[in-house]
Amino acid sequence: MNISTNEGNPNALKLVIAAKMAQQPVTVKTVHPKVSFLGRLPSVELPSGLTLFSTNAALQLLVPPPEESKVVTNKWLEWEISQLQPAIAFYGSTGTYKSKHKSCLWSLLKELNNALKDKKYLIKDNNDLSLADACIWVTVWSTVLVTEIGNELCKEYLSIKEWLSSIELLPLIQDSIKEYKFERGLKAILSIQAVSWFPVNNTLSSQHCKPTTIDVSPTKEKEVEAVSQEEMQNILSNWSSKSYPDARHLLYPVLPQKGEKNILITSALPYVNNVPHLGNIIGCVLSADIFARYCRQRNYNTLFISGTDEYGTATEAKALEEKTTPQAICNKFFDIHNDVYRWFSIGFDYFGRTTTPEQTEIVQSFFLRIKSQGYILSETVDQLLCKSCDRFLADRFVEGTCPRCKYEDARGDQCDGCGHLVNATELISPRCKVCTNRPIIKKSEQFFLDLPKLEDKLKEWSATVEKGWSSVARVVARPWLRDGLKPRCITRDLKWGIPVPVEGFENKVFYVWFDAPFGYISITKRYTKEYEQWWKPKDTQVDLYQFMAKDNVPFHAIMFPACLLAADEGYTLMKHLMATEYLNYEDTKFSKSRGIGVFGTDARDTGIPADVWRFYLAYVRPETQDSNFNWVDLATKNNSELLNNFGNFVNRALVFAERYFESKIPSIELNEDDLVLLALAQRELSSYVSALEQAKLRDGLKHVLAISKHGNQYMQFQEPWVKIKGTDNEKKRAGTIIGICCNLACLLSALLAPFMPNTARELRSQLGLDASNYGYIPNDISNILPPEHKIGKPSPLFKKIEDKDVEALRKKYSGKQESANDGEHRDVKSLDSAIAELDNKVKELKAKHDKSGWQSSQIQIFTDLKKKLSDLINEKDKSSESKSKKPEVVFVPEQNGDVSMDAASLESAIAKQGNLVRELKAKAEKTVWQPEVEKLLKLKKQLADLTGSSPASTDKKSKKKK
């Protein structure tokens, strides 16, 4: 077995240990990350030829866990890779070990210490070193133990200390350490970090790590800077004096106005050759929609334009596949895209398409204008022609081996392995993506955009706007200008596209990258005849925001601006380029053909509301690195953040107002506690506005949730359900508390609206407000709902997503399963034989054909099959992990008669309180347990009032006395 690793990576030691446990010979070689698959190391090459890049998958293949401990082993392996390693990488690279008692890392180590109490190893009743112990031991021993936190760790967590020492003395461990030597500590941490990918939904805070159980108790999550007198004074002065404006309705057509903020928003035009998946949706249209809704609620003149990109080889290929015409394909998928986006509540001002007369007119006129300005060249070029398909191949429909990094699935325009741009004719062993046959090179005369001639203008323009781009956009765009521009071909010998209006070029069309960006202009023209007010403004300022995934950046940061600059007619140039990384599906890629992932047409079938999809996709939006859609995480975020945090807060406030104040907002007299709460909420509001102005949508959403968390803690601490039963002054105080909470709920309805518009409208209806309006998003907190304002009928905004539903959905979208006759689930032990069989098939092909013959037609098939087998291993990991998931434990804090709890929550609270009473009675005096009995009786009475039944007795003794 061969292990490839970067220098000093502790994860390689895990594989060495596993190989020794399996009594298999092993060779370790150090390589540069660039030669690995997407820079991920270590990797394991098995004798069969299969290469594994998942350390956990390789470990379990080498040392299959015993059946009786498989679930718990998988649980600990998943915990190590998804929580412990990211925490160590974060804290190690930033050096923030000092706040250890508040850190995520310290919390995780505490969890490990608790698990090891009174046990030799993590797996109970196991006298031998388990795979989980070996894996986690390497991580802690090689990183944490030799950092400044190590001494504190050994002092406080004695179980971990003993466990670390005993494992280190094992002969197998000692032999492994001698065989693979590396420097422990910070260098080891950085070595892991350099070749690992950690999902963004595990993003860590240097001061806090959320527990896996749901806890809405009033304990503070992090140390908050004390609220100053100045902050409280500002709240006091704004509360009654600050007017709350209305969010205005923009009239059709929306046009820029002089002296006002005019925002033009586009999202990258999706191709019409397939159904959009969740990654496509958050990458462009949903992100743009959230920002557009925010802008409208700030009363900016906002126009949101998008549509489908319908020309090019992608459409032709799909038409061939479905044995129809390209136009029929466009019509079919335009309707599909339109329906998907409508269901997701994407609020375009106009959603158009590029197969229109306006698009043809604008593209041809732009070309002739640019040509007349001297920015068009004609050259004879080598193009790839597929004889089998009888067509020249567009760049994206040529695949082959990258000449730089030797990645086997590089496209004809870019290599996903190393990220460099390539020309299709430079690929080694190119193949047609449609038929897999090798194309030939044929000369053809084409038009080019003379980018070198425009380079100085592009640099001058870019320097003035780049600071308004997302970090992803800057990273992708900078190398283009840094490395120098080359002429780019803008025509192709294709059939489906906009004809080139030049004699002798009648059989050529414009290449899709040149054609598509002009769709923003032509679609605006379809929206209004006054489109030039947006695209060629005379006396107004227009800010153009463009949303897309990173693969579209070069066309919007270089090509499209170059065309507008070349035309020299005062066109609006992009000011803000908001690009994202990629959203993956459960640690793999979306694949419609393999049935992996949720696509737009699937979302409705899940039964999960569109707003919950919008919320979660925004929560894990890949703003700075690739992120990961995960079913368990979706359910967790819904049940904790939406149901138990946001929903719990607004529902309790409104139900209390309905029950005790005749559905009217009570009078409010602010005291210091109230001012502190409002000042904390003001901080989050200011941060929310700042984040959304920069289109940092994920950050903005988290500030919304932070406000509701502050509200929950405030209500829990103030206990209005107690005060309402007290003196007149206490009842008045309860009114102030509820009045403030209802006002915060009103503010939250406006802040949530860009992310969850349907939920926001429902909440506004419950607040007694106009549900056709989403509400203005202010800069300052003020008294929005005056005393005596009549609210509507409160009802829960969210529903719990059950574990069984999560598992069913996860299975449904995990890929096409084999039939029962073929064996539904191959276990890990059978994988080696399957791989060996595939290897033999390739060897046979090699014997019968030369390299070009067998490689171009068969290597992709073999690569796909290897990937499938690797996926099977990972799927087995995930399946075991899901089975190990325990039912969700919801901690319900003491309510003391809180009227907003439902029956299920009350039953859970009663069971928990009952257990507490029994434990206290067994070991404490009556003075200790009697108050807890009173709390239990109150909860039982509340449940009886809610269900109409008689309250159950507290225990057997009390029942006998009756």
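Atom CG of Asn671 has more than 12 neighbouring heavy atoms from other residues, nucleotides or ligands inside a 6.0 Å radius. The environment of CD in Glu669 is sparse: at most 12 heavy-atom neighbours from other residues, nucleotides or ligands sit within 6.0 Å. Around atom CD of Glu662, no more than 12 heavy atoms belonging to other residues, nucleotides or ligands sit under 6.0 Å away.
A salt bridge is defined here as a Lys NZ or Arg NE, NH1 or NH2 lying under 4.0 Å from an Asp or Glu carboxylate O, and Arg733 with Asp674 meets this definition. Remark: Asp611 does not engage Arg761 in a salt bridge, criterion side-chain N to carboxylate O under 4.0 Å. The pair Asp633-Lys637 meets the salt-bridge criterion, since a charged nitrogen lies less than 4.0 angstrom from a carboxylate oxygen. Remark: Arg683 engages Glu231 in a salt bridge, criterion side-chain N to carboxylate O under 4.0 Å. A salt bridge links Lys793 with Glu658: the closest approach of a Lys/Arg side-chain nitrogen to an acidic carboxylate oxygen falls below 4.0 angstrom. Salt-bridge check for Arg298 with Glu693: passed, with a basic side-chain N closer than 4.0 Å to an acidic carboxylate O.
Among all heavy-atom pairs drawn from Asp673 and Tyr714, the shortest one is O-CE1, 4.2 Å. Between Ser345 and Pro757 the shortest heavy-atom distance is CB-CG, 4.1 Å. Closest non-hydrogen pair, Asn651 versus Pro796, comes out as ND2-N, 3.8 Å. When all heavy atoms are compared, the tightest approach of Val704 to Leu748 is O-CD2, 3.5 Å. Contact detail for Ala771 and Ser765: the closest heavy-atom pair is CB-CB, 4.3 Å. Between Ala473 and Val553, the closest heavy-atom pair is O-CG1, 3.8 Å.
Atom OG in Ser782 sits 9.5 Å away from atom CD1 in Ile235 (nearest 0.5 Å). Note that the OG atom of Ser640 and the CG atom of Leu705 stand 9.0 Å from one another [nearest 0.5 Å]. Rounding to the nearest 0.5 Å gives a distance of 4.5 Å between CG of Asp349 and CZ of Arg296. Here the CD1 atom belonging to Ile290 is positioned 12.0 Å from the CZ atom belonging to Arg698, to the nearest 0.5 angstrom. Met756 CE to Ser749 OG: the interatomic distance, rounded to the nearest 0.5 Å, is 13.0 Å. One distance of note links CH2 of Trp721 with CZ of Phe656; it measures 8.0 Å at 0.5 Å rounding.
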Hey, mind stepping through Asp543 and Tyr300 against side-chain contact (heavy atoms from CB on, under 4.5 Å) and telling me if it holds? CA-CA 11 Å; Asp543 288 342; Tyr300 304 154; over 6 Å; no

Evaluate Glu684 against Ile781 for side-chain contact (heavy atoms from CB on, under 4.5 Å), listing each step before the verdict. CA-CA 10 Å; Glu684 302 296 346; Ile781 287 179; over 6 Å; no

Apply side-chain hydrogen bond (donor to acceptor under 3.5 Å, both in side chains) to Arg248 and Asn773, showing your working. CA-CA 8 Å; Arg248 68 190 186 196; Asn773 188 307; over 6 Å; no

Run Val472 and Thr580 through side-chain contact (heavy atoms from CB on, under 4.5 Å) and show every step you take. CA-CA 6 Å; Val472 175; Thr580 64; 5.9 Å; no

Show your working on side-chain hydrogen bond (donor to acceptor under 3.5 Å, both in side chains) between Asn712 and Asn648 and close with a plain yes or no. CA-CA 8 Å; Asn712 269 317; Asn648 184 52; 3.3 Å; yes

Taking it one step at a time, do Leu680 and Ile707 satisfy side-chain contact (heavy atoms from CB on, under 4.5 Å)? CA-CA 8 Å; Leu680 293 173; Ile707 292 176; over 6 Å; no

Mind running salt bridge (Lys or Arg N to Asp or Glu O under 4.0 Å) on Glu156 and Lys110 for me, showing each step along the way? CA-CA 9 Å; Glu156 185 157 344; Lys110 182 179 180 181; over 6 Å; no

Verdict with reasoning, Asn301 to Gln257, per side-chain hydrogen bond (donor to acceptor under 3.5 Å, both in side chains): CA-CA 7 Å; Asn301 290 305; Gln257 303 295 324; 5.2 Å; no

Could you walk me through whether Asn729 and Thr727 pass the side-chain hydrogen bond (donor to acceptor under 3.5 Å, both in side chains) test, one step at a time? CA-CA 5 Å; Asn729 284 338; Thr727 64; 5.3 Å; no

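Phe649 does not carry Lys709 over the face of its six-membered ring by the limits of under 6.0 Å from the centre and within 45° of the normal. Remark: Lys550 is positioned above the aromatic ring of Tyr582, its terminal NZ or CZ atom under 6.0 angstrom from the ring centre and at most 45 degrees off the axis.
Aromatic ring centroids of Tyr688 and His703 lie 6.0 Å or more apart. Ring to ring, Phe348 and Phe304 are close: their centroids are under 6.0 angstrom apart. Checked against a 6.0 Å centroid threshold, the rings of Tyr616 and Phe629 count as neighbours.
Side chains of Gln713 and Leu677 form no contact here, defined as non-hydrogen atoms less than 4.5 Å apart. Side-chain contact between Lys799 and Leu643 is absent, with no heavy atoms from C-beta onward closer than 4.5 Å. Residues Lys702 and Tyr619 meet the side-chain proximity criterion, which asks for heavy atoms closer than 4.5 Å. For the pair Tyr294 and Val689, the minimum side-chain heavy-atom distance is below 4.5 Å. In this structure, the side chains of Ser287 and Ile282 come closer than 4.5 Å at one or more pairs of heavy atoms. Put simply, the side chain of Ile724 reaches to within 4.5 Å of the side chain of Phe661, judged on heavy atoms. Counting only heavy atoms from C-beta outward, the side chains of Ile777 and Leu751 approach each other to under 4.5 Å. You'll find the side chain of Ser627 stays beyond 4.5 Å of the side chain of Arg621, heavy atoms only.
The backbone N or O of Asn758 sits nowhere less than 3.5 Å from a side-chain atom of Glu762 that would complete a donor-acceptor pair. Not one N or O on the side chain of His789 forms a donor-acceptor pair closer than 3.5 Å with the backbone of Ile665. The main-chain N or O of Ile784 is found under 3.5 Å from a side-chain atom of Asn743 such that the two form a donor-acceptor pair. Using modelled atom types, one side-chain atom of Glu623 and one backbone atom of Leu697 make a donor-acceptor pair closer than 3.5 Å. With hydrogens and angles ignored, the 3.5 Å screen pairs no side-chain donor or acceptor of Ser267 with any backbone N or O of Ala288. Side chain of Arg614 to main chain of Phe344: a donor-acceptor pair is present (N/O by atom type, distance under 3.5 Å, no hydrogens or angles). With hydrogens and angles ignored, the 3.5 Å screen pairs no side-chain donor or acceptor of Asn638 with any backbone N or O of Val612. Counting only distance, with no hydrogens or angles, the side chain of Gln546 and the backbone of Ala268 share no donor-acceptor pair below 3.5 Å. Put simply, the side chain of Tyr776 never gets that close to the backbone of Ala750: no donor and acceptor are under 3.5 Å apart. When atom types are taken as modelled, the side chain of Asp626 and the backbone of Glu581 share no donor-acceptor pair closer than 3.5 angstrom.
For the residue pair Gln233 / Ser237, no side-chain donor-acceptor distance below 3.5 Å is found, with atom types taken as modelled.
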